[in-house]
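Structure record follows, encoded as structure tokens.
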Amino acid sequence: MNYDEDSEFSKEFKRFAKKWRSLPNDIKDAKLLIEKMYTPQDKVNIKEYKKSLFNSKRATILHNSDTCEVVKMRLDCAALGNKELLRLIFVFVCTENGVTFIELYAKNDKSREDEKRIRKYIV
């Protein structure tokens, strides 16, 4: 799976990584979850895995079309403990089998995702 970052995401990541040193490893863990959502694995039913993930408060689909899927996901940050403070927004492009990270934000800084950024990626 190919991963890419929006330039604004990169800036947010650097800013948060200074505060919370575990963030690079936390993103790696999130990438493993994302790969399970979109890549067939042995003994893992993708539909069941996605159903369990989206039925919990862990992730939600913001936009779904034939070409892409925009997902907001709770990002577990080891440096924060169980505060459930960070959110990760990404786009999965079906045709390219790639993920672009759009936004990373803390719930205490802002309460919702940036709709304008998401619209740039919806085709």
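Quantities reported herein were computed from a predicted structural model and do not represent experimental measurements. What you see below is based on every heavy atom in this structure, not just the backbone, and it leaves out hydrogens, waters and symmetry mates.
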Where is the tightest heavy-atom contact between I27 and F13, given as atom of each residue plus distance? CG1-CE1, 3.5 Å

Taking E69 for the side chain and N64 for the main chain, is one N or O donor matched with an acceptor at less than 3.5 Å? no

Looking at side-chain heavy atoms only, is the closest gap between Y105 and L86 below 4.5 Å? no

Results of side chain to side chain contact (heavy atoms under 4.5 Å, CB included) for K11 - residues two or more places apart only: none

With side chains defined as the heavy atoms from C-beta onward, is the minimum distance between M73 and L33 less than 4.5 Å? yes

Can you list everything that forms a side chain to side chain contact (heavy atoms under 4.5 Å, CB included) with N108? Sequence neighbours excluded, please. L85, A106

Tell me, please, which residues at least two apart from L62 pass side chain to side chain contact (heavy atoms under 4.5 Å, CB included). T60, V70, K72, I89, E113, I118

Just jot down the side chain to side chain contact (heavy atoms under 4.5 Å, CB included) partners of D114, sequence neighbours excluded, or say none. E103, K110, K116, R117

Below 4.5 Å, heavy atoms only, C-beta onward: do V99 and K31 meet side chain to side chain? no

Is there side-chain contact between F9 and D4, with at least one heavy-atom pair below 4.5 Å? no

Residue pairs meeting side chain to side chain donor-acceptor pair (under 3.5 Å), one or both in residues 16-25, sequence neighbours left out, come to S22-D26

Results of salt bridge (Lys or Arg N to Asp or Glu O under 4.0 Å) for D29 - residues two or more places apart only: none

